[in-house]
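Small disclaimer: the values here were computed from a predicted structure and weren't measured.
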Amino acid sequence: VDEQGQRNYLRAQNVERRGKWDAVQSVAFYATEPGRAASGMTAVYGGRARNAGLNTERPSPQASPLFYAWPSPEQANGNASIVPLYEYRRDDSGHRRYSTQAELDEAGWRRAERPLCHVWQAPPGPLLFDRNAAPADAY
């Protein structure tokens, strides 16, 4: 969450590159990184503008996907951990937010009618990962 209260979504490699592991408050969902997509997965792109949001349509011929996800739960082979990813938008500011929750308990957010795609749900509970983990041969 930035100074304006806006949620920021970063892939792990961008968190690492920016040295922001200590600022990670939660993981919204899990998806497949580019180059590791399975057959049947769909590419998800981000827009250049701050409030552009995510889209499954390629915005330009040179655009690279941010991640890959499942277009429908049927294509995910019935995995119960695969859930819809919804886009929520604030009418007053146009800010976007993404969640696997079908309803948010915060006023002012309007959910898109259909999910953007289907992703792996982040496990409930506290965020458990070692920010200082490194390969054994690094010591």
Looking at CD of E113 and CD of E87, how far apart are the two atoms once the value is rounded to the nearest 0.5 Å? 13.0 Å
So which atom in E57 and which in N55 form the shortest heavy-atom distance, rounded to 0.1 Å? N-OD1, 2.7 Å
What one should report as the nearest heavy-atom pair of R96 and G53 is CD-CA, 3.3 Å
Once rounded to the nearest 0.5 Å, what's the spacing between atom OH of Y45 and atom OG of S64? 8.0 Å
Closest approach of W70 to A38 (non-hydrogen atoms, all atoms of both residues): CH2-CB, 4.2 Å
For a quick test of reading the model, state the closest non-hydrogen atom pair linking L104 to S99 and the distance between them. CD2-OG, 3.9 Å
Please tell me whether V83 and L85 are part of a single hydrophobic cluster in this structure, the criterion being side-chain heavy atoms less than 4.5 Å apart. no
Determine whether the aromatic ring centres of F29 and F67 lie less than 6.0 Å apart. yes
Given 3.5 Å as the limit, does a donor-acceptor pair link the side chain of S26 with the main chain of A28, or not? no
CD of Q121 to CD1 of I82, rounded to nearest 0.5 Å, is 10.0 Å
d(R110 CZ, R97 CZ) to nearest 0.5 Å is 15.0 Å
Got a sec: does the CZ of R58 have more than 12 other heavy atoms crowding it under 6.0 Å? yes
Kindly say whether L54 contributes a backbone atom to a donor-acceptor pair with the side chain of Y98 at under 3.5 angstrom? yes
Check whether W109 forms a cation-pi arrangement with R89 (NZ or CZ under 6.0 Å from the six-membered ring centre, at most 45° off the ring normal). no
Residue pair P59 / G46: nearest heavy atoms and the distance that separates them: CG-O, 4.5 Å
Looking at R111 and A102, would you say the former's side chain and the latter's main chain have a donor-acceptor pair under 3.5 Å? yes
Kindly give the heavy-atom pair with the smallest separation between V119 and Y30, and that separation in Å. CB-O, 3.3 Å
